[in-house]
Protein chains: 2
Amino acid sequence: MEKFYTIKDVAERTGISAYTIRYYDKEGLLTFVKRSESGIRLFTDEDFEPLYTITCLKKSGMPLKEIKRFMELFMQGNETIHERYLIFKEQKERLQKQIDELQEMMGIVDYKCWYFEEAEKRGDIDFYKKLPREEVDERIWEFGKKVNDFRKGKTDHS
Amino acid sequence: MEKFYTIKDVAERTGISAYTIRYYDKEGLLTFVKRSESGIRLFTDEDFEPLYTITCLKKSGMPLKEIKRFMELFMQGNETIHERYLIFKEQKERLQKQIDELQEMMGIVDYKCWYFEEAEKRGDIDFYKKLPREEVDERIWEFGKKVNDFRKGKTDHS
DNA sequence: TTATATCTTAGAGTATACTCTAAGGCAAGA
DNA sequence: TCTTGCCTTAGAGTATACTCTAAGATATAA
C-alpha cells in the first residue's frame with residue numbers, strides 16, 4: 001500500500017508554501033503529481049526527487065518557464081535524456097558566470113569595507129585626496145581604475 | 001571648464017539604458033546629479049564613481065530601496081561613514097551566503113550532467129536501479145541522500 | 001525659420017514569481 | 001446533522017525592476 005502526502009505535508013517538509021506548490025502545478029511544473037478521484041493531489045515518496053530538482057534549478061537561477069520545459073522532457077522518458085543533459089550543461093555554464101560575477105562583487109564590497117574603516121579612523125571620507133601620492137594605498141588606485149574603465153565604457157555589459 | 005555628459009552619453013558608456021537612469025533618478029538613487037537651468041541632467045566625471053557603486057551593489061543583489069538609503073547617507077557626508085561601513089559589512093555577509101548557495105547548486109548541477117551522460121551511454125534513465133548495489137556510483141547515493149533529507153524536511157529553508 | 005534631435009515629465013504596460021481571497025466541495029468527529 | 005478543517009478552482013493583488021509611450025519643451029543645424 002502506497003503512502004500519500006497532502007499538499008500541506010509537502011509544504012511543511014519542503015518549505016515551499018502550498019500556494020506556491022499550486023502555482024507551480026498551474027504553470028505546468030508538477031505534471032508528475034497524481035490526483036485522487038475527487039481531484040486532491042496525492043504526492044508520493046518518489047515525487048520528492050523531481051521536487052528537489054525543481055528547487056535546485058530555481059536556486060541556480062533558472063526561470064520557471066525553462067524548468068517547465070525540463071519537466072516536460074522528464075515526463076517523456078528515455079528519448080529525452082540527451083536534451084535534458086544539454087539543459088544541465090548550459091545551466092552549469094550560466095551558474096559559473098553568476099558565481100564569477102558575485103566573486104568579483106565580493107572583491108569590491110570587501111574593498112569598500114576596508115575603505116570605510118580607514119575613512120572612519122581618519123574622520124574624513126576623502127582622506128586619500130590629502131595624502132601624498134606615495135602614501136595612497138594600492139587598493140584605492142585599483143578601484144579608481146575600475147571606475148575609470150566604467151566611465152570609458154570599457155566595462156563588460158554583456 | 002567642466003565637462004558634462006548627457007543621459008545618452010552615460011547610457012552608452014555604462015550600459016544602463018536612459019530609461020533606467022531616469023527611473024533610478026525618480027526612485028531617489030541619483031540625488032548627486034546636477035541639472036541645467038532648463039532641467040537637463042548634467043553628469044560629471046565624478047558622478048561615475050557613485051554610478052559604479054550603484055551597479056556593483058545591484059549586481060551583488062541589493063534591492064533599489066537599500067541602495068537609495070546608501071545614496072542618502074552618501075549625500076550627507078562624513079557623519080554617515082560608520083553607517084555606510086555597516087551597510088557594506090552586511091552586504092558582504094549576504095554576498096557570501098549567495099556564493100555559498102550557488103556553489104552548492106553547482107555541485108548538484110555538475111552531478112546531474114554526469115548522471116545524464118551515464119544515462120545516455122546506457123540508454124536508460126533508471127540505469128542504476130538495475131545495477132548490483134556495489135556497482136552503483138557513490139555520487140548516486142549522495143544525491144539520493146540529499147533528496148531524502150529534503151523529503152524529511154531536513155533541508156534548510158532559511 | 002523650420003526641421004530634427006534630444007531632452008523633460010507623468011503615467012501606463014510588462015515580466016516574473018509569488019501570495020492571497022472568495023466561493024465552494026468533501027470527509028471525519030461531536 | 002452540523003461544524004471544522006482540509007482540499008479545490010479562478011482570478012485578483014503585490015512587489016520589484018524595468019520599459020515604453022505620449023505630450024511637450026528646448027537646442028542646434030540647414
Side-chain angles (χ1 to χ4, degrees), chain A residues 3-44 47 51 53-71 91 94 98 101 105 157-158, chain B residues 3-44 47 51 53-71 91 94 98 101 105 157-158:
Chain A
K3 197 203 164 180
F4 293 115
Y5 300 87
T6 67
I7 198 169
K8 210 194 165 205
D9 293 334
V10 176
E12 273 165 15
R13 283 157 176 270
T14 65
I16 310 166
S17 82
Y19 294 142
T20 305
I21 294 171
R22 289 196 196 96
Y23 169 68
Y24 287 174
D25 200 357
K26 196 155 57 175
E27 292 300 303
L29 272 71
L30 309 183
T31 41
F32 53 88
V33 180
K34 283 164 283 297
R35 298 283 187 128
S36 75
E37 276 180 35
S38 53
I40 287 169
R41 289 175 192 84
L42 302 170
F43 291 86
T44 68
D47 290 346
L51 275 174
T53 302
I54 287 169
T55 65
C56 288
L57 288 173
K58 248 187 54 59
K59 281 185 184 176
S60 82
M62 189 183 279
L64 295 191
K65 267 190 188 174
E66 270 177 74
I67 299 177
K68 181 190 170 172
R69 172 88 191 115
F70 177 77
M71 294 315 295
Q91 193 57 19
R94 279 191 273 175
Q98 273 189 78
E101 180 165 284
M105 291 312 119
H157 310 303
S158 61
Chain B
K3 197 202 164 180
F4 292 114
Y5 300 85
T6 67
I7 198 169
K8 212 195 167 204
D9 293 334
V10 176
E12 274 164 14
R13 283 158 175 269
T14 64
I16 310 166
S17 82
Y19 293 142
T20 305
I21 295 170
R22 289 196 196 96
Y23 169 67
Y24 287 172
D25 200 356
K26 196 155 55 174
E27 292 301 303
L29 272 71
L30 309 184
T31 40
F32 54 88
V33 180
K34 282 164 283 296
R35 300 281 189 132
S36 75
E37 276 179 34
S38 52
I40 286 168
R41 288 175 192 86
L42 303 171
F43 291 86
T44 67
D47 290 346
L51 275 175
T53 301
I54 287 170
T55 65
C56 288
L57 288 173
K58 248 187 53 61
K59 281 184 185 176
S60 82
M62 189 183 278
L64 295 190
K65 266 190 187 174
E66 269 177 75
I67 299 177
K68 181 190 170 174
R69 171 87 192 116
F70 177 78
M71 293 315 294
Q91 192 57 21
R94 278 192 273 176
Q98 274 188 78
E101 180 166 283
M105 291 311 120
H157 311 302
S158 62

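Below, chains carry the letters A, B, ... as their sequence lines are ordered, and counting in each starts from 1.
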Between [X] and [Y], what is the shortest heavy-atom contact and its length?
X     : Y     : result
A/A11 : A/S17 : CB-C, 4.2 Å
B/F43 : B/V33 : CE2-CG2, 3.6 Å
B/F70 : B/L57 : CD2-CD1, 4.1 Å
B/T6  : B/D9  : N-OD2, 2.9 Å

Gap between atoms [atom1] and [atom2], on [X] and [N] respectively (whole Å):
X     : N      : atom1 : atom2 : value
A/I21 : C/dC20 : CD1   : C1'   : 15 Å
B/F4  : D/dA27 : CZ    : P     : 15 Å
A/L29 : C/dC18 : CG    : P     : 10 Å
A/Y19 : D/dC6  : OH    : P     : 12 Å
A/L30 : D/dT9  : CG    : C1'   : 16 Å
A/F43 : D/dC7  : CZ    : P     : 10 Å

| task | Check each residue of residues 6-14 of chain B for a non-hydrogen atom within less than 4.0 Å of any atom in DNA chain C, then write out the ones that pass by number, or none. | result |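 B/T6, B/I7, B/K8 - these, ordered by number, are the residues of the stretch whose heavy atoms sit under 4.0 Å from the strand.
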| query | Excluding sequence neighbours, so at least two apart, what forms side-chain hydrogen bond (donor to acceptor under 3.5 Å, both in side chains) with B/R13? | reply |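 Per chain and number, B/R13 pairs via side-chain hydrogen bond (donor to acceptor under 3.5 Å, both in side chains) with no residue.
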| field | Residues in side-chain hydrogen bond (donor to acceptor under 3.5 Å, both in side chains) contact with A/S60, at least two apart in sequence or another chain | value |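 Applying side-chain hydrogen bond (donor to acceptor under 3.5 Å, both in side chains) to A/S60 gives A/Q91.
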Looking at residues at least two apart in the chain, or sitting in another chain, which of them share a side chain to side chain contact (heavy atoms under 4.5 Å, CB included) with [X]?
X     : value
A/E12 : A/K8
A/T14 : A/V10, A/I16, A/F48, B/F150
A/K34 : A/T44, A/D47

| said: Show me the pairs that pass side chain to side chain donor-acceptor pair (under 3.5 Å) and involve residues 62-71 of chain A, at least two apart or across chains. | reply: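 Residue pairs with at least one partner in residues 62-71 of chain A: A/E66-A/R94, A/R69-A/E83.
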Donor-acceptor list for residues 22-31 of chain B side chains, cut-off 3.5 Å, not counting sequence neighbours:
unit_1	atom_1	unit_2	atom_2	d
B/D25	OD2	B/R35	NH2	3.1
B/D25	OD2	B/R41	NE	2.6
B/D25	OD2	B/R41	NH2	3.3

Provide a list of protein-nucleic acid N or O atom pairs under 3.5 angstrom, restricted to nucleotides 23-26 of chain C.
none

| field | Spacing of CZ belonging to B/F32 relative to CD1 belonging to B/I54, to within rounding of 0.5 Å | value | 4.5 Å
| note | Letter by letter from the 5' end, nucleotides 9-14 of chain C scores (B base, S sugar-phosphate only, - none; protein heavy atoms under 4.0 Å) B-B---
Dump every N/O contact between nucleotides 15-17 of chain C and the protein below 3.5 Å, one line per pair.
unit_1	atom_1	unit_2	atom_2	d
C/dA17	OP1	A/L64	N	3.4
C/dA17	OP2	A/L64	N	3.3

